[in-house]
Number of protein chains: 2
Amino acid sequence: MEDTMFNDLLASVGEAKEILQHKKQPSRSFMIDEPDAKSIRARLKMTQDEFAGLLNISVNTLRNWEQSRRKPEGPARVLLGIAATHPEVFAH
Amino acid sequence: MEDTMFNDLLASVGEAKEILQHKKQPSRSFMIDEPDAKSIRARLKMTQDEFAGLLNISVNTLRNWEQSRRKPEGPARVLLGIAATHPEVFAH
DNA sequence: ACAAAAACTACGCCATTGACTTACTTATTT
DNA sequence: AAATAAGTAAGTCAATGGCGTAGTTTTTGT
């Protein structure tokens, strides 16, 4: 595979860079402040086991999140946001 | 916004579900076993500060990863994989 | 070319999380 | 109705994430 497809993606990455450099306002945030893992999972109609596998965490950790015993860390919050808004990227 | 777009996405989520249930083999993995944060960041041509912001981690954590002092956890590995293969989802 | 600023390396320390375990309850399926 | 799957709840501990400090390298501006 050539790099052309990857280079195409760099256009939107450039946008991401601008957003992060605060030169541009994001149309809508891709990060959720306090993501509700339970409701996101419910929308995707997955079991705890399935959703945990998707996020590459143990079921127990997902349960800790859903029961508000622990709260997901930074990267996990971003990942939950992606699961909520762009679940298709997990498929391939 | 209606739910139609979201429902469209559910098709691919269904595929993700099948993959996770081991009923289907993924064409190619979306998760990297040992993601090299440094090289992924290099391809995206971002500074450590920018990339850390994208992943919602502190710069120090990214540095720990790049210098092999710590290794990213489950969800962070998935997120790095997405950054490598689908960086456009971070833009909006 | 040179100084200033930005980017990066390196590491010590501590609070919080993630993973594992056990026990129990609720829902689903056959 | 019994068996199986799914989910609630909570205790323990190692590893990570975040923060601080100090020094080095690279980039930028004049």
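In this text the structure is predicted, and so the values were computed from the model without any measurement. Worth knowing before you read on, the calculation uses all heavy atoms, side chains too, and leaves out hydrogens, waters and symmetry mates.
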With the side chain defined as heavy atoms from C-beta on, A:Arg69 is closest, among D:dA10, D:dT16, D:dG7, to D:dA10
From CG of A:Leu62 across to P of D:dA9 the rounded distance in Å is 14 Å
Can B:Arg69 and B:Asn64 be counted as having a side-chain donor-acceptor contact under 3.5 angstrom?
yes
- Message: If the cut-off is 4.0 Å, is A:Gln48 near the phosphate of D:dA6, judged by side-chain N/O to OP1 or OP2?
- Response: no
Are the side chains of A:Ile40 and A:Phe51 in contact, using a 4.5 Å heavy-atom criterion? yes
Of D:dG17, D:dT8, D:dG7, the nucleotide closest to the side chain of A:Glu73 is D:dG17
Between CZ of A:Arg77 and C1' of D:dG18 the distance, given in whole Å, is 13 Å
When rounded to whole Å, the CE to P distance for the pair A:Met46 and D:dG7 reads 12 Å
Walking DNA chain C from its 5' end, the first of B:Lys38 and A:Trp65 to be reached, judged by nearest nucleotide, is B:Lys38
Contact span of DNA chain C against chain B, any nucleotide atom under 4.0 Å from a heavy atom, 5' to 3', runs C:dA7 to C:dG18
Assert: residue with more 5' nearest nucleotide on DNA chain C, out of B:Asp49 and A:Ile57, is B:Asp49
- Task: Could you tell me whether B:Arg41 and B:Glu66 have a side-chain N and a carboxylate O separated by less than 4.0 Å?
- Result: yes
Side-chain atoms of A:Arg70 come closest, of D:dG18, D:dT12, D:dT8, to D:dT12
Main chain of B:Ile57, side chain of B:Thr61: is a donor-acceptor contact present, judged purely on distance under 3.5 Å?
no
Taken to the nearest whole Å, CD/A:Glu66 to P/D:dA6 is 13 Å
Stems in DNA chain C, runs of 3 or more consecutive Watson-Crick or G-U wobble pairs with both distances under 3.5 Å, sorted by first number, are C:1-30 with D:1-30
Heavy atoms of A:Arg77 and A:Pro72 approach each other most closely as NH1-O, 3.1 Å
Whole-Å distance, A:Glu50 CD to D:dA6 P, equals 8 Å
Between N or O atoms, less than 3.5 Å apart, protein on one side and nucleotides 21-26 of chain D on the other: list the pairs.
none

